[in-house]
Amino acid sequence: MTDQNDILFERARAVIPGGVNSPVRAFKAVGGTPRFIQRAQGAYFWDANDKRYIDYIGSWGPMILGHGHPAVVEAVQKAVLEGFSYGAPTEREIELAEAILALVPSMEMVRLVSSGTEAAMSALRLARGATGRKTIVKFEGCYHGHADALLVKAGSGLATFGNPTSAGVPPEVVQHTLVLEYNNLQQLDEAFALHGKDIACLMIEAIAGNMNFVRATPAFAKRCRELCTQHGALLIFDEVMTGFRVGLHGAQGVLGVTPDLTVLGKVIGGGMPLAAFGGPRAIMEQLAPLGPVYQAGTLSGNPVATACGLATLKEISKPGFYEALAKKTRTLVDGLKAAAAAEGQPFNADSEGGMFGFFLMNELPQNYATVMTTDNAQFNALFHGLLDRGVYIAPALYEAGFVSAAHSEDDIAATIAAAREIFSKR
Ligand SMILES: *Cc1c(COP(=O)(O)O)cnc(C)c1O
């Protein structure tokens, strides 16, 4: 065995369940050996065999500037020398909070945490605490981290309460979670008609990135807002993926819909463990130490992570940043579509800002069930074909893709050419 990835995977599996610290990294959906990354720079990373890949996962979103951006590296190096963590407040936390609030007008106050899971879980508790209600609404195919109450799939009937998607989650814990079909207006209306007075919040990825890339239709997003307002429920946009990724003002900026609470992560840490949730002052003041809703974190607002996040936000706030990123991403998506069309392959794709998705079918799916009709074998062949050619896309057909500011026109062109070659062999 001379493949260093194989050797590392074997070692990893002996000491880490499945050899990975987050399941999708294991390549279980696509088969083969996960690539162990040894370093990254700009739009590329290199595996344990020193093979270079054009990186379209960007740590699943955070690396919007590309790897090793000089301004970010400098900020982190400076912060490290000042200390790793104090467990006491710092000025940089205020600066980051101010920067986030300036970019997301629906947020008047924000609390910093360390992961998207933690932020979504805390937003949920806050929504329940602030409304005094139990029921939560989520959509099939949307991922909000791995808090118990959110690991739910749809029940058997229309607008019924869900079943746990993980062992270790007692049914009692998800008995207040309603799981609805994404973009299904009728189900949404019915759920609020039946349960409206008990609904604490509706949580949604308004541009979903955990069932590949599926947009809420404008009518659906608007209806979510209307129903929440009518019934006194809080609308929570989980923008852990879309925040500062689909545009400077997130999916709420793209859709023109204002949520009550916003959950952020990924890009705001620039690759460091950092996430946040926030909203109107009156709701946020329900949090400890001011209010009765408990939430805390030893490493929350970590000084190195906030330095990394602040430096990242500074770069992406520069004029023209998203226009250039969106154009590049669109070039990739259009090029892939043209390559598939030229080879007579069923294909469609979509993008917003620096986030994209593609589908081995002619129509853009509107919900999770349709995404999951994708031909697995065809996707896996494309994935491995690209990987062999030095292009690293998400190793599962239900994940979105990410372009960074560091991707060059040549990188995009090479990716399209690699895809076309694979399509031509079908
Ligand atoms: C990644 C993600 C999360 C979870 O964030 P972690 O930092 O992995 O815990 C939650 N919601 C959405 C929409 C995500 O994409």
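Numbering of ligands and ligand atoms starts at 1, following listing order.
Ligand 1 has no nitrogen or oxygen under 3.5 angstrom from a nitrogen or oxygen of His144. For the pair Glu205 and ligand 1, the shortest N or O to N or O distance does not fall below 3.5 Å. Taking distance alone, with nitrogen or oxygen atoms compared against 3.5 Å, Asn210 approaches ligand 1 more closely than that limit.
Listed by chain and residue number, nothing satisfies the side-chain contact (heavy atoms from CB on, under 4.5 Å) test with Glu363 (two or more places apart in sequence, or in another chain).
Remark: the Glu239 side chain and the Thr242 side chain contain an N/O donor-acceptor pair separated by less than 3.5 Å.
In terms of protein heavy-atom proximity, atom 12 (C) of ligand 1 is nearest to Tyr143 O, 3.3 Å. At the shortest separation from atom 6 (P) of ligand 1 among protein heavy atoms lies Gly116 N, 3.4 Å. Closest to atom 11 (N) of ligand 1, if we only count protein heavy atoms, is Asp238 OD2, 2.7 Å. Here the protein heavy atom with the shortest distance to atom 15 (O) of ligand 1 is Lys266 NZ, 2.6 Å. For atom 8 (O) of ligand 1, the nearest protein heavy atom (residue, atom name, distance) is Thr117 OG1, 4.5 Å.
Per-residue contacts place Ser115 under 4.0 angstrom from the following atoms of ligand 1 (heavy atoms of the residue considered): 7 (O), 9 (O).
Around CZ of Arg11, the count of heavy atoms belonging to other residues, nucleotides or ligands within 6.0 Å does not exceed 12. The environment of OH in Tyr53 is crowded: more than 12 heavy-atom neighbours from other residues, nucleotides or ligands sit within 6.0 Å. Heavy atoms from other residues, nucleotides or ligands lying under 6.0 Å from NE2 of His231 number more than 12. Crowding of Glu285 atom CD: a count of heavy atoms from other residues, nucleotides or ligands under 6.0 Å exceeding 12.
Tested against Phe27 for a ring-ring contact (aromatic ring centres under 6.0 Å, His included), the candidates Phe383, Phe9, Phe36 yield a single pass: Phe383.
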